[in-house]
Amino acid sequence: MKEGLADAVMEELRRYGEVSSEEMYRVARKVASEGTKRLKETSPKGRGSRKGHYADGWTVTAIRKNANEFSFVVHNRKKPGLTHLLENGHVLRGGGRARAFPHIKAVEEWCAEEYLKRVERMLS
């Protein structure tokens with residue numbers, strides 16, 4: 001009798017873990033997509049990119065190792081080398097420094113906080 005109960009409890013915990021993992025995956029995907037939208041809106045559209053090629057280049061890629069391990073990477077597929085230079089500024093060829101256009105850090109922090117809020121809400 002005790003073994004049957006223990007097996008039933010373990011099975012329910014396993015199923016709960018699978019459901020929670022799937023829900024967390026969905027929440028992470030949604031937050032990453034919203035973060036991508038925010039980056040497209042807040043990215044600089046300066047002299048060299050009046051058409052917004054840099055801002056339009058933001059995308060999200062899902063990496064899933066197994067049912068419980070996943071991540072989402074938000075990156076710029078059109079101008080990947082420009083992200084660091086714009087976020088932090090850089091030394092100019094003729095001397096001096098280009099000013100920084102911080103736009104990634106705020107979205108990164110928002111995504112982390114929003115993911116935690118939504119997962120906590122989901123589990124409660």
Side-chain angles (χ1 to χ4, degrees):
M1 184 92 170
K2 289 182 182 179
E3 285 183 25
L5 178 62
D7 290 341
V9 169
M10 289 306 292
E11 179 61 24
E12 285 302 312
L13 287 173
R14 186 190 61 75
R15 281 201 320 219
Y16 178 75
E18 288 175 3
V19 169
S20 295
S21 179
E22 266 313 303
E23 288 298 316
M24 285 189 231
Y25 181 83
R26 286 190 197 108
V27 168
R29 183 178 63 208
K30 183 76 173 157
V31 169
S33 294
E34 290 174 18
T36 301
K37 282 183 188 176
R38 285 174 178 247
L39 278 170
K40 286 181 179 186
E41 293 169 0
T42 61
S43 291
K45 296 172 183 74
R47 289 181 301 178
S49 63
R50 287 178 205 252
K51 295 179 183 174
H53 293 293
Y54 174 73
D56 289 341
W58 291 106
T59 189
V60 62
T61 302
I63 301 168
R64 191 157 195 173
K65 295 179 182 177
N66 60 41
N68 296 325
E69 292 182 54
F70 57 85
S71 62
F72 289 90
V73 179
V74 178
H75 59 97
N76 195 301
R77 72 179 182 282
K78 290 185 179 180
K79 309 260 184 190
L82 207 50
T83 58
H84 180 77
L85 297 175
L86 287 172
E87 182 75 8
N88 302 309
H90 56 92
V91 176
L92 297 170
R93 197 173 11 180
R97 277 193 74 76
R99 78 179 178 102
F101 294 92
H103 58 289
I104 299 170
K105 185 74 173 165
V107 174
E108 176 188 8
E109 289 171 354
W110 177 85
C111 285
E113 290 171 11
E114 191 66 20
Y115 176 73
L116 286 176
K117 276 191 231 173
R118 291 182 189 189
V119 167
E120 286 174 357
R121 199 174 325 133
M122 177 191 71
L123 292 175
S124 62

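When all heavy atoms of Leu39 and Ile104 are compared, the pair lying nearest together is CD2-CA, 3.9 Å. Nearest heavy-atom pair across Trp58 and Lys40 is O-CE, 3.1 Å. The two residues His103 and Leu86 make their nearest non-hydrogen contact at CE1-CB, 3.9 Å. Closest heavy-atom contact between Asn88 and Arg97: O-NH2, 3.6 Å. Val31 and Cys111 make their closest contact through CG1-O, 3.5 Å (heavy atoms, listed as atom of the first residue, atom of the second, distance). The two residues Val60 and Ala32 come nearest to each other via the heavy atoms CG2-CB, 3.5 Å.
Arg38 and Glu114 are not joined by a salt bridge, as no carboxylate oxygen comes within less than 4.0 angstrom of a charged side-chain nitrogen. A salt bridge links Glu22 with Arg64: the closest approach of a Lys/Arg side-chain nitrogen to an acidic carboxylate oxygen falls below 4.0 angstrom.
Counting heavy-atom neighbours within 6.0 Å of Lys30 NZ, excluding the residue itself, gives a total of 12 or less.
Distance check, rounded to the nearest 0.5 Å: CG of Asp56 to NZ of Lys45 gives 7.5 Å. From Arg99, atom CZ reaches atom NE2 of His90 across 11.0 Å, with rounding to the nearest 0.5 Å. Note that the OH atom of Tyr115 and the CD atom of Glu120 stand 11.0 Å from one another [nearest 0.5 Å].
With hydrogens and angles ignored, the 3.5 Å screen pairs no side-chain donor or acceptor of Asn68 with any backbone N or O of Ser21.
Considering only heavy atoms from C-beta on, Glu87 stays 4.5 Å or farther from His84 through its side chain. Within the 4.5 Å cutoff, the side chain of Pro80 has no heavy atoms near those of the His75 side chain. Phe101 has its side chain out of reach of Thr42: every pair of non-hydrogen atoms, C-beta onward, lies at least 4.5 Å apart.
Cluster membership for Phe70 and Leu116, using ILVMFWY side-chain heavy atoms within less than 4.5 angstrom, is not shared.
The aromatic rings of Phe72 and Tyr25 sit tilted, their planes meeting at an angle between 30° and 60°.
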